[in-house]
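Just so you know, these numbers use all the heavy atoms, side chains as well, and skip hydrogens, waters and symmetry mates. Sequential numbering from 1 along the given sequence is applied to the chain's residues. In each ligand, atom 1 is the first atom listed, and ligand 1 is the first ligand listed.
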Amino acid sequence: MRRDWDERARKNAFHYIASWRKEWDLDSFLASGEEDVSRLVLPALARCVLPTTGQRMLELGCGAGRMTHSFARRFEHVYAFDLSREMLARARQIHSERKNILWLLSNGADLSCVASGSMDFVFSYLVLQHLPEETLAFQYIREMLRVLRPGGAILFQFNGGFAPTMNWRGRLAWGIVDALWSANLRALSRAAASALGLDPSAAGKSWRGAAIAAPRIAELLRAAGGEVREMTGEDTPLAWCCGVKAAGKA
Ligand SMILES: C[S@@+](CC[C@H](N)C(=O)[O-])C[C@H]1O[C@@H](n2cnc3c(N)ncnc32)[C@H](O)[C@@H]1O
């Protein structure tokens, strides 16, 4: 996963972070992060009657800090994790003035370097949807709850859509690319992707991650000491879960 994301960062970091545009300039890229916080984060927390400011928050998969700078205006300290050294290098450079953001290299599977019960808010957007295995996403969600303080808020997006988003030609093309990748023929897999008109940087399953059924997320949250306050967009690739860690849970 790290190799793939480092490569994407080198190729066109802003596009692979926010892929709805091919070319971004820095100002519009950062403005899109602020807009997403205002459009997606603040209303969800307000609907769930959860605070939008606090002492400490954690963002999982911060990329180049598109949204992180906006969080840094609302929280005293932001712990921004990403798997990719290249993404973090860009984030550090862009946001060198922001002294309240700690940019941290993630190990890709857990938050073991963060103390339990230490965060007021944990957040993740456009990250869990890329994880190739459901179990990895589950492990991260458990970890997000572990580091949350009792009464703290959790908000994350995941891919809840199981309906095929491609026609049979697309599925066949990706099937060929994936089969080559699984056989460890990575260069060939990328070449096949190019030849089939697909993005070679998206070869390997770290781009098209596993979908997760919303009821399984709710069950997991409850088992890990959380409560779901709101689930939106279930059955779609842009599903959101907003919850809280139950008071009295360690
Ligand atoms: C599509 S970008 C989204 C970045 C950011 N959340 C945003 O909306 O601007 C996905 C980010 O997740 C990171 N990522 C992918 N897999 C990860 C993992 N297992 N652990 C932590 N970060 C991961 C990638 O390096 C990349 O920066």
Trainee: Would you please classify the geometry between the H69 ring and the H95 ring as parallel, tilted or perpendicular, with 30° and 60° separating the classes?
Mentor: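 Parallel: the ring planes of H95 and H69 meet at under 30°.
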Trainee: With heavy atoms of H130 as the reference, note each atom of ligand 1 found under 4.0 Å away.
Mentor: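 Answer, ordered by atom number: 1 (C).
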Trainee: Before signing off on this row, confirm whether D82 and ligand 1 have an N or O atom pair separated by under 3.5 Å.
Mentor: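 There is such a contact, yes.
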Trainee: Set out, in order, the CA-CA distance, both residues' side-chain angles and the distance that settles salt bridge (charged side-chain N to carboxylate O under 4.0 Å, His left out) for D6 and R3, then state yes or no.
Mentor: CA-CA 5 Å; D6 277 345; R3 188 198 44 231; over 6 Å; no
Trainee: Applying a strict under-4.5 Å side-chain criterion to I, L, V, M, F, W and Y, I'd like to know whether V49 and L42 cluster together.
Mentor: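 No, V49 and L42 fall in different hydrophobic clusters.
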Trainee: Identify, by atom number and element, the atoms of ligand 1 in contact range of L131, meaning under 4.0 Å from any of its heavy atoms.
Mentor: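 Atoms satisfying the 4.0 Å criterion: 16 (N), 19 (N).
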Trainee: Please assess R2 against E7 for the test salt bridge (charged side-chain N to carboxylate O under 4.0 Å, His left out), listing each intermediate value before the final yes or no.
Mentor: CA-CA 8 Å; R2 176 170 292 142; E7 199 173 308; over 6 Å; no
Trainee: What atoms of ligand 1 come within less than 4.0 Å of a heavy atom belonging to L126?
Mentor: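 Result: 1 (C), 2 (S), 3 (C), 8 (O), 10 (C).
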Trainee: Atom 15 (C) of ligand 1: which protein heavy atom is closest, and how many Å away?
Mentor: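 Atom 15 (C) of ligand 1 sits closest to the protein heavy atom W5 NE1, 3.4 Å.
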Trainee: Side chains of M1 and L136: does their closest heavy-atom pair fall under 4.5 Å?
Mentor: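 Result yes, sub-4.5 Å side-chain heavy-atom pair found.
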Trainee: So, does Y125 sit close enough to ligand 1 that a heavy atom of it is under 4.0 Å from the ligand?
Mentor: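 Heavy atoms of Y125 do come under 4.0 Å of ligand 1.
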Trainee: Indicate, with yes or no, if the rings of W240 and F158 have centres closer together than 6.0 Å.
Mentor: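 Not under 6.0 Å, so no.
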Trainee: Just which atoms of ligand 1 are under 4.0 Å from any heavy atom in S106?
Mentor: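 That gives atoms 20 (N), 21 (C) of ligand 1.
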Trainee: Please list the nearest protein heavy atom to atom 22 (N) of ligand 1 with its residue and the distance rounded to 0.1 Å.
Mentor: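 For atom 22 (N) of ligand 1, the nearest protein heavy atom comes out as L83 N, 3.3 Å.
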Trainee: As an exercise, identify every atom of ligand 1 less than 4.0 angstrom from a heavy atom of G108.
Mentor: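 Result: 19 (N), 20 (N).
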Trainee: Classify the angle between the aromatic ring planes of W24 and W20 as parallel (below 30°), tilted (30 to 60°) or perpendicular (above 60°).
Mentor: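 Ring orientation of W24 relative to W20: perpendicular.
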Trainee: Looking at atom 12 (O) of ligand 1, what's its closest protein heavy atom, distance included?
Mentor: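 For atom 12 (O) of ligand 1, the nearest protein heavy atom comes out as V127 CG2, 3.6 Å.
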Trainee: Considering only heavy atoms of G61, which atoms of ligand 1 have at least one such atom less than 4.0 Å away?
Mentor: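 Counting atoms of ligand 1 from 1, those under 4.0 Å from G61 are 4 (C), 5 (C), 6 (N), 12 (O), 22 (N).
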Trainee: For atom 9 (O) of ligand 1, find the nearest protein heavy atom and state the residue, atom name and distance (0.1 Å precision).
Mentor: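 Atom 9 (O) of ligand 1 sits closest to the protein heavy atom R66 NE, 2.8 Å.
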Trainee: Going by the atom numbers of ligand 1, which of them fall below 4.0 Å from some non-hydrogen atom of Y16?
Mentor: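 Answer, ordered by atom number: 1 (C).
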Trainee: Name the orientation class of the two ring planes belonging to F71 and F75 (parallel below 30°, tilted from 30 to 60°, perpendicular beyond 60°).
Mentor: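 Answer is perpendicular, since the angle exceeds 60°.
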Trainee: Minimum heavy-atom separation for A211 and G161, please, with both atom names.
Mentor: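 Looking at all heavy atoms of both residues, the closest pair is CB-O, 3.6 Å.
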Trainee: Which of the atoms of ligand 1 are close to Y140, meaning less than 4.0 Å from one of its heavy atoms?
Mentor: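 Reading through ligand 1 atom by atom, the close ones are 18 (C), 19 (N), 20 (N), 21 (C).
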